[in-house]
2 protein chains.
Amino acid sequence: LSGAEICACAGAVADWGTSNLRIWLLDGDGRVLARAASADGADRIDPDGFEAVLRAKLVALGASWPAETKLPVVICGMAGARNGWRETGYVAVPAAPTDCLRPVVGIEAVDLDIRIMPGLSKPDAQNPDVMRGEETQLLGFTAAEPDFSGLLCMPGTHSKWVRFAQGRIVNFHTAITGELFALLSGQSVLRHVIGHASGFTADHPAFESGLAVTLVQPERLMLDLFPVRAAGLLGGQTGAAAAARLSGLLIGAEIALSLAGALPAAPVVLVAAGKLAPLYARALTRAGRDVRLFDAEELVLDGLRTAARLLFPRSFKE
Amino acid sequence: LSGAEICACAGAVADWGTSNLRIWLLDGDGRVLARAASADGADRIDPDGFEAVLRAKLVALGASWPAETKLPVVICGMAGARNGWRETGYVAVPAAPTDCLRPVVGIEAVDLDIRIMPGLSKPDAQNPDVMRGEETQLLGFTAAEPDFSGLLCMPGTHSKWVRFAQGRIVNFHTAITGELFALLSGQSVLRHVIGHASGFTADHPAFESGLAVTLVQPERLMLDLFPVRAAGLLGGQTGAAAAARLSGLLIGAEIALSLAGALPAAPVVLVAAGKLAPLYARALTRAGRDVRLFDAEELVLDGLRTAARLLFPRSFKE
């Protein structure tokens with residue numbers, strides 16, 4: 001993506017996560033004119049440094065807009081966290097995804113009109129929870145399915161499970177499944193057997209065998225971790241099989257616990273990208289669920305585009 | 001402990017763990033003449049380097065024994081692991097702790113007669129397990145209670161739960177509770193709320209509240225981890241409270257799962273040292289169990305002394 005080409009754009013939108021920044025230039029119809037992805041995550045930038053990074057990205061993408069006007073910019077993700085650019089709060093559930101558009105935080109620059117999305121919170125005394133960034137994917141999802149009722153699963157480092165009723169988010173919870181996999185495979189005693197082998201696919205027998213345990217008895221997870229190591233010592237289990245087993249145990253437990261109380265036969269909306277999509281699709285199928293797969297990256301863009309249209313109605317057409 | 005004083009000893013025993021080395025000089029009655037502890041763990045020593053480290057410790061402790069005789073030395077722990085001094089195998093359960101004395105590996109040096117203890121294994125296809133080092137504590141325990149039947153808990157980085165029937169080990173399993181606590185509090189998203197605060201006691205309300213959840217519903221552990229972080233973001237929970245809550249959740253789940261199938265009213269033998277002893281004693285009490293506490297460090301020494309007596313009957317009195 002060269003900066004040589006000039007893009008006359010109606011606005012820019014960005015998903016500014018902990019580790020990565022993705023930015024898109026949009027025309028007045030919401031179509032993507034240019035895009036960029038980089039490792040300029042919010043964790044690496046001081047609060048004073050965000051505007052310069054944003055500006056550099058816009059220049060690199062060749063963004064241009066009429067003189068003496070301000071370019072609309074919508075940002076979601078960790079740019080709005082406590083140590084991000086400007087702290088945005090949380091909208092408490094139950095809430096519709098569009099409710100996140102009201103407490104958006106604005107930052108006025110000379111030639112930019114920036115809005116940062118808030119997160120969602122569940123201020124439950126026993127099980128409080130938060131999300132930041134995913135609310136924008138949910139906004140993208142409900143733009144397509146405004147009256148959705150059911151369960152939506154967003155796997156990742158911190159998987160989010162969201163329950164909808166007629167387009168409103170009524171509950172959600174987080175399972176730190178991806179983080180547990182990374183810590184256990186890379187830093188616990190299991191690293192001796194898993195090593196650097198994490199390449200396995202959803203049809204690996206050890207992934208299936210792990211699922212078979214915890215989909216039925218999710219509590220078994222805690223006592224089934226060390227046996228992955230012991231199997232390597234006693235039986236010469238391969239690293240890939242150990243990684244697959246660990247992944248199956250973790251994802252199986254997450255799914256069994258998250259489906260508890262859900263309507264038995266209802267399909268699950270799976271919002272995923274990359275290698276997690278086939279793993280979770282397989283696991284949900286093993287749990288007896290039909291899966292409707294949505295691409296996580298497309299939903300972020302859809303959500304940011306929806307936010308841009310609603311926040312800047314004069315710049316974007318419906 | 002100065003090397004200036006000369007100890008005429010009958011033998012030496014050592015617990016050579018991953019991170020630490022503890023060594024004792026014994027007289028012919030098994031009494032401790034001198035002791036030393038250091039960070040010369042097996043992880044830091046090449047296979048060729050163990051003898052020199054051992055010899056240096058003996059000199060520093062002032063060990064002396066008759067010329068032209070070999071000093072008996074008994075070692076347990078990771079010195080017998082694959083990357084230790086000399087790999088010793090595993091004795092499969094069911095087994096009596098004294099069964100570990102037969103496959104001891106001998107190393108003959110000019111003036112030392114060294115024996116390294118094997119570990120214990122459970123060669124179960126679904127849930128294989130191993131221990132190395134703890135078998136010697138079990139030998140010490142059964143020296144005092146040769147006909148014990150019941151459940152024994154050894155909390156730690158990798159907690160071991162051991163079921164005895166009339167002095168024989170019939171089953172055991174491992175929960176990596178201590179390792180999970182260290183990884184989650186120090187390296188996961190929970191580090192932001194726990195920070196360096198890990199100082200809490202067994203009567204902390206958040207420890208009790210964590211126990212109350214997972215002692216009854218151990219499967220809740222996985223979904224109750226992220227709320228510890230969210231409580232910090234939404235409610236300003238302190239780091240000590242978060243550490244206590246995490247500890248209670250983990251220990252409660254470990255205990256609930258490990259007591260499943262155990263005789264309902266039987267007391268549990270708790271083999272612990274340091275700050276884990278009061279935490280596990282409190283948690284076991286909350287689970288409705290009477291606790292008999294044994295000091296973990298004393299049991300290692302008792303076990304090594306028992307092994308020395310049985311392996312070197314001419315050097316030690318019964």
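Proteins come first, then strands; the chains are lettered A, B, ... in the order of their sequence lines, and each starts at number 1. Keep in mind that what you see is a predicted model, and the values were worked out from it rather than measured.
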*Using non-hydrogen atoms and a 4.5 Å limit, figure out which bit of B/Q217 sits close to chain A: side chain, backbone, both or neither.*
neither
*Which residues from residues 84-94 of chain A are near chain B, with near meaning under 4.5 Å between non-hydrogen atoms?*
A/Y90
*Tell me the residues of residues 119-128 of chain B whose non-hydrogen atoms fall below 4.5 Å from those of chain A, in number order.*
B/S121, B/K122, B/P123, B/Q126, B/N127, B/P128
*Looking only at non-hydrogen atoms, find the nearest pair between B/E219 and A/P218 and report the distance.*
CB-CG, 4.3 Å
_Part of B/Q187 within contact of chain A (heavy atom distance under 4.5 Å)_ = both
*asked:* I need the residue from B/S188, B/A260, B/A256 with the largest number of non-hydrogen atom pairs under 4.5 Å to chain A.
replied: B/S188
*Check salt bridge (Lys or Arg N to Asp or Glu O under 4.0 Å) between A/E208 and all other residues, then give those that pass, not counting sequence neighbours.*
A/R282, A/R286
*B/R245 versus chain A, heavy atoms under 4.5 Å apart: side chain, backbone, both or neither?*
side chain
*For B/L183, is it the side chain, the backbone, both or neither that has a heavy atom under 4.5 Å from a heavy atom of chain A?*
both
*Residues of residues 220-229 of chain A under 4.5 Å from chain B (heavy atom pairs)?*
A/R220, A/L221, A/M222, A/L223, A/D224, A/L225, A/F226, A/P227
*Among the options A/L190, A/I176, A/V213, pick out the one with the most heavy-atom pairs lying under 4.5 Å from chain B.*
A/I176
*Non-hydrogen atoms of chain A under 4.5 Å away: do they reach the side chain of B/T177, the backbone, both or neither?*
both
*asked:* Do B/L180 and A/L184 have side chains that approach each other closer than 4.5 Å (heavy atoms only, starting at C-beta)?
replied: yes
_Closest non-hydrogen atom pair between A/R82 and B/L233, with its separation_ = NH2-O, 3.3 Å
